[in-house]
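Just below is one structure, and these are the notes that go with it.
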Amino acid sequence: MNNMQEIHKEFFETLSSIQDNAVYQTMSEYNKKDSLEDLLYNATYETIVAICELIDGYTNDQIQFDLIDVKSNKSIKEGIQMHDACADYLKWKK
């Protein structure tokens, strides 16, 4: 990883922070009545939504992304907020 640029470090440090936050948030909301399945869905939900927020540009001012469909060469972010849209598809304990 000698050729890692500063943007790479910033990106991976942000992912590490997202993971920590998702784990600690899920653990703080954990109830002994919750199943392991609920715990895992909640942790993965929090992680995926936070990564989508990063892609949307809400997490770190130093990191701005776009997701390009290579077939059409168009942004898949156009006209939507990724973190809002993913909530319609992911499972979590309600």
Side-chain angles (χ1 to χ4, degrees):
M1 294 226 177
N2 301 4
N3 59 352
M4 186 177 288
Q5 297 175 8
E6 192 60 36
I7 191 65
H8 296 121
K9 290 179 185 178
E10 188 79 28
F11 173 72
F12 290 116
E13 287 172 2
T14 302
L15 286 181
S16 176
S17 177
I18 287 170
Q19 182 183 39
D20 286 344
N21 291 338
V23 167
Y24 291 121
Q25 180 175 341
T26 301
M27 292 299 293
S28 72
E29 296 170 355
Y30 179 68
N31 183 327
K32 291 187 182 206
K33 294 182 278 181
D34 292 338
S35 69
L36 179 58
E37 181 180 35
D38 287 339
L39 183 70
L40 292 171
Y41 273 122
N42 286 349
T44 56
Y45 174 86
E46 294 299 333
T47 302
I48 294 167
V49 168
I51 290 171
C52 287
E53 289 172 339
L54 176 63
I55 293 167
D56 286 334
Y58 291 110
T59 306
N60 185 325
D61 291 340
Q62 302 300 311
I63 301 173
Q64 297 295 313
F65 289 113
D66 201 353
L67 293 177
I68 304 297
D69 173 18
V70 294
K71 291 180 183 176
S72 68
N73 202 32
K74 293 185 180 183
S75 173
I76 67 167
K77 289 175 38 175
E78 192 172 315
I80 67 168
Q81 294 289 305
M82 299 294 287
H83 70 281
D84 289 338
C86 77
D88 294 334
Y89 295 90
L90 301 178
K91 293 180 183 179
W92 75 95
K93 182 183 156 246
K94 296 178 180 175

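Bear in mind that the values here come from a model prediction, so they are computed numbers and not experimental data.
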Please name all residues satisfying side chain to side chain donor-acceptor pair (under 3.5 Å) with [X], sequence neighbours left out, ordered by chain then number.
X	answer
D69	S72
N60	E10, T14
S28	none
T44	none

Distance (rounded to the nearest 0.5 Å) between [X] [atom1] and [Y] [atom2]:
X	Y	atom1	atom2	answer
I68	E78	CD1	CD	9.0 Å
L15	E13	CG	CD	10.5 Å
I7	I63	CD1	CD1	5.0 Å
T59	I18	OG1	CD1	5.0 Å
E29	E46	CD	CD	6.0 Å

*Strictly by modelled atom types, are T26 and N42 linked by a side-chain donor-acceptor pair under 3.5 Å?*
no

*Flag yes if more than 12 heavy atoms outside Y24 fall under 6.0 Å of its OH atom; otherwise flag no.*
no

Expected list for residues 49-58: side-chain donor-acceptor pairs under 3.5 angstrom, two or more places apart:
residue: D56; atom: OD1; partner: M82; partner atom: N; Å: 2.9
residue: D56; atom: OD2; partner: M82; partner atom: N; Å: 2.9
residue: D56; atom: OD2; partner: H83; partner atom: N; Å: 2.9
residue: D56; atom: OD2; partner: H83; partner atom: ND1; Å: 2.6
residue: Y58; atom: OH; partner: Q81; partner atom: OE1; Å: 2.8

_Smallest separation among heavy atoms of I80 and A85, with atom names_ = CD1-CB, 4.1 Å

*If you link I, L, V, M, F, W and Y whenever their side-chain heavy atoms are under 4.5 Å apart, who else ends up in the same group as L36?*
V23, M27, Y30, L39, L40

